[in-house]
There are 2 protein chains.
Amino acid sequence: MQVGIQNRRQLVESIALFKKDGHNHGRCIDSAMNTAVNLCSRRGARLTDLRRRVLELVWQSHQPVGAYELLDILKDERRNAQPPTVYRALDFLLELGLIHRIESLNAYVGCNSPDTSHPSQFLICRDCGAAAEISDTRLDRAISGLADDAGFSIVRRTVEVEGQCPNCQAG
Amino acid sequence: MQVGIQNRRQLVESIALFKKDGHNHGRCIDSAMNTAVNLCSRRGARLTDLRRRVLELVWQSHQPVGAYELLDILKDERRNAQPPTVYRALDFLLELGLIHRIESLNAYVGCNSPDTSHPSQFLICRDCGAAAEISDTRLDRAISGLADDAGFSIVRRTVEVEGQCPNCQAG
DNA sequence: TTTTGTTATGTTATATTATAACATTATATC
DNA sequence: GATATAATGTTATAATATAACATAACAAAA
Ligand SMILES: [Zn+2]
Ligand SMILES: [Zn+2]
Ligand SMILES: [Zn+2]
Ligand SMILES: [Zn+2]
């Protein structure tokens with residue numbers, strides 16, 4: 001089944017972050033920042049210093065990060081950082097799809113592919129805390145299928161699968 | 001496909017709550033309370049007055065209810081209600097699976113079938129606020145399938161699909 | 001049936017997450 | 001440069017949740 005193979009390929013790519021040294025995270029960050037610059041430029045959105053910095057901080061790891069964690073760091077960098085400082089930046093980034101909010105953690109994580117609008121779907125490791133964004137046609141079909149059957153029109157979807165990543169199971 | 005038909009049947013049942021006069025909610029509550037009594041008895045858990053009352057309040061509707069909403073009601077009934085009063089009761093009910101927590105709303109809703117352990121999966125209407133618990137083999141398979149492919153072992157799953165229910169679309 | 005251990009609740013305080021409201025500053029457009 | 005708009009600064013507070021320790025209720029043992 002062609003779709004199955006493609007899903008698996010995407011999956012392997014998206015879970016690379018679970019492995020120690022499984023990927024070059026410096027590149028991860030660079031790529032995310034470049035994408036953000038381009039996307040903002042295309043959309044006529046202003047990626048200000050503050051917003052850029054918050055995005056950078058969110059991308060420091062693949063572990064979702066809380067607003068007040070970000071605020072603590074910002075406070076060391078700008079004398080005036082307050083909750084609205086970080087929440088406004090997060091709102092901006094959320095609106096553009098540059099980050100996702102993990103509802104079950106009250107935390108924020110960078111988005112893999114902000115160019116195209118898509119649901120928020122994650123595998124989240126209890127041990128290492130990393131969150132891997134997943135895109136899977138089976139899952140998409142299952143959800144749109146059951147919504148159709150129910151006559152329910154979808155506006156937003158949240159899928160958060162919590163467990164143990166392959167790396168943390170090994171240990 | 002046999003499974004598809006069964007899914008649809010379950011779905012029709014579980015979304016009945018979206019329809020005005022689509023079901024007898026008094027029975028809903030009675031059934032939930034009976035199930036709770038039985039389940040607690042079987043598990044040797046103490047369904048105290050407080051816990052029973054909180055469960056009753058949660059079941060007053062199919063709209064997920066916030067902890068402080070519950071607290072406001074409790075305060076009218078017992079002089080000493082405080083946040084821990086309601087959070088402890090909620091924790092007890094969550095642990096037994098008698099209620100679910102809706103992460104995207106910070107709110108709580110009664111569980112359809114607390115007898116068997118199952119993931120938290122909901123269709124949530126933006127307009128009327130009702131949350132319909134869904135169980136769907138396609139969805140189950142999609143999620144366990146992709147977790148398997150990723151070598152990820154699932155501990156807990158949250159699926160929250162937000163949108164418009166059939167009844168609210170009509171209006 | 002007192003004793004004793006355990007579970008549940010009361011009580012006070014505080015932590016964590018998020019927003020409201022209004023003032024000021026920076027940026028873009030005319 | 002004047003003006004409108006968007007972004008940030010600033011103060012205060014709302015909303016959600018937990019910590020910590022005291023008392024009360026309950027259940028099993030002695
Ligand atoms: Zn990375
Ligand atoms: Zn891990
Ligand atoms: Zn009902
Ligand atoms: Zn509705």
Side-chain angles (χ1 to χ4, degrees), chain A residues 36-37 40-58 63-96 98-109 129 158 160, chain B residues 36-37 40-58 63-96 98-109 129 158 160:
Chain A
V37 169
C40 286
S41 151
R42 258 181 292 131
R43 304 249 180 110
R46 285 166 55 191
L47 188 61
T48 61
D49 285 353
L50 175 62
R51 291 163 172 176
R52 184 199 318 276
R53 182 62 183 138
V54 170
L55 183 59
E56 227 168 54
L57 290 174
V58 169
Q63 274 104 30
V65 59
Y68 279 76
E69 268 181 87
L70 294 170
L71 180 54
D72 285 343
I73 301 170
L74 282 181
K75 272 184 167 162
D76 291 341
E77 300 177 354
R78 9 183 97 216
R79 52 192 185 304
N80 297 324
Q82 293 295 335
T85 314
V86 63
Y87 278 106
R88 283 167 181 158
L90 289 172
D91 285 347
F92 171 87
L93 298 170
L94 283 168
E95 201 135 326
L96 278 169
L98 290 167
I99 61 173
H100 290 286
R101 178 181 156 84
I102 308 293
E103 299 292 346
S104 58
L105 299 174
N106 296 331
Y108 306 82
V109 72
T158 303
E160 294 173 8
Chain B
V37 169
C40 287
S41 150
R42 259 181 292 130
R43 303 249 179 111
R46 287 165 55 193
L47 188 63
T48 60
D49 284 355
L50 175 62
R51 290 163 174 176
R52 184 199 319 275
R53 182 62 183 138
V54 169
L55 182 59
E56 228 169 53
L57 290 174
V58 169
Q63 275 104 30
V65 59
Y68 279 75
E69 267 181 88
L70 293 170
L71 180 54
D72 284 343
I73 302 172
L74 282 181
K75 274 184 166 160
D76 289 341
E77 300 177 352
R78 5 184 99 218
R79 51 192 185 304
N80 297 322
Q82 293 294 335
T85 313
V86 64
Y87 279 106
R88 283 166 180 160
L90 290 172
D91 285 347
F92 171 87
L93 298 170
L94 283 167
E95 200 135 327
L96 278 169
L98 290 167
I99 61 172
H100 291 285
R101 178 181 156 83
I102 308 294
E103 300 292 347
S104 58
L105 299 175
N106 296 331
Y108 306 83
V109 72
T158 303
E160 294 173 7

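Letters go in sequence order (proteins before strands), and every chain restarts at 1.
Recorded end-axis angle for the helix from C/dT1-D/dA30 to C/dC30-D/dG1 stands at 20°, based on five pairs per end and rounded to 10 degrees.
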**Fill in**
The contact string for nucleotides 24-30 of chain C, one letter per nucleotide 5' to 3', using protein heavy atoms under 4.0 Å with B, S and - for base, sugar-phosphate only and none, comes out as ---S---
**Message:** Each nucleotide in nucleotides 8-14 of chain D should get exactly one letter: B, S or -. Can you fill that in based on protein heavy atoms under 4.0 Å?
**Reply:** BBBB---
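Rounded to the nearest 0.5 Å, atoms CG (A/L55) and CG (A/L50) are 11.0 Å apart. A/L47 contributes atom CG, which lies 5.5 Å from atom CZ of A/F92 (distance to the nearest 0.5 angstrom).
Taking both residues in full, the closest heavy atoms of B/L96 and B/C40 are given as CD1-SG, 3.7 Å, listed atom of the first, atom of the second, then distance. Closest approach of A/Y108 to A/V58, counting heavy atoms only: O-CG1, 4.0 Å.
Within the structure, the side-chain hydrogen bond (donor to acceptor under 3.5 Å, both in side chains) test picks out the following pairs touching residues 68-77 of chain B (sequence neighbours left out): B/R53-B/E77. Sorted by first and then second residue, the side-chain hydrogen bond (donor to acceptor under 3.5 Å, both in side chains) pairs with a member in residues 40-50 of chain A read A/R42-A/D115; sequence neighbours excluded. Annotation: salt bridge (charged side-chain N to carboxylate O under 4.0 Å, His left out) contacts involving residues 78-93 of chain B, sequence neighbours excluded, are absent.
Take A/R52 and apply the side chain to side chain donor-acceptor pair (under 3.5 Å) test, not counting sequence neighbours, and it matches no residue. For A/T85, the side chain to side chain donor-acceptor pair (under 3.5 Å) criterion is met by no residue, not counting sequence neighbours. Partners of B/E160 according to the salt bridge (charged side-chain N to carboxylate O under 4.0 Å, His left out) rule, which considers only residues two or more places apart in sequence or in another chain, do not exist here. Looking at residues two or more places apart in sequence or on another chain, you find no side chain to side chain donor-acceptor pair (under 3.5 Å) involving B/R51.
For B/L90 and C/dT9, the CG to P distance is 12 Å, given to the nearest whole Å. B/R52 places its CZ atom 15 Å from the C1' atom of C/dA8, with the value rounded to the nearest Å. Separating the CG atom of A/L71 from the C1' atom of C/dA15 is a distance of 15 Å, rounded to the nearest angstrom. Rounded to an integer number of Å, the gap from A/L96 CG to D/dA7 P is 10 Å.
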**Message:** Could you walk me through whether B/V109 and B/R101 satisfy the side chain to side chain contact (heavy atoms under 4.5 Å, CB included) test, starting with their C-alpha distance in whole Å, then the side-chain angles of each, then the deciding distance to 0.1 Å, before giving a yes or no?
**Reply:** CA-CA 6 Å; B/V109 72; B/R101 178 181 156 83; over 6 Å; no
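Here B/Y87 reaches the OP1 or OP2 of D/dA17: one of its side-chain N or O atoms lies under 4.0 Å away.
Residues of residues 100-109 of chain A having a heavy atom closer than 4.0 Å to DNA chain C, listed by number: A/R101, A/N106, A/Y108.
Surrounding CD of B/E56 are more than 12 heavy atoms belonging to other residues, nucleotides or ligands, all under 6.0 Å away.
Both A/A45 and B/D91 sit near DNA chain D, but only A/A45 has its closest nucleotide nearer the 5' end.
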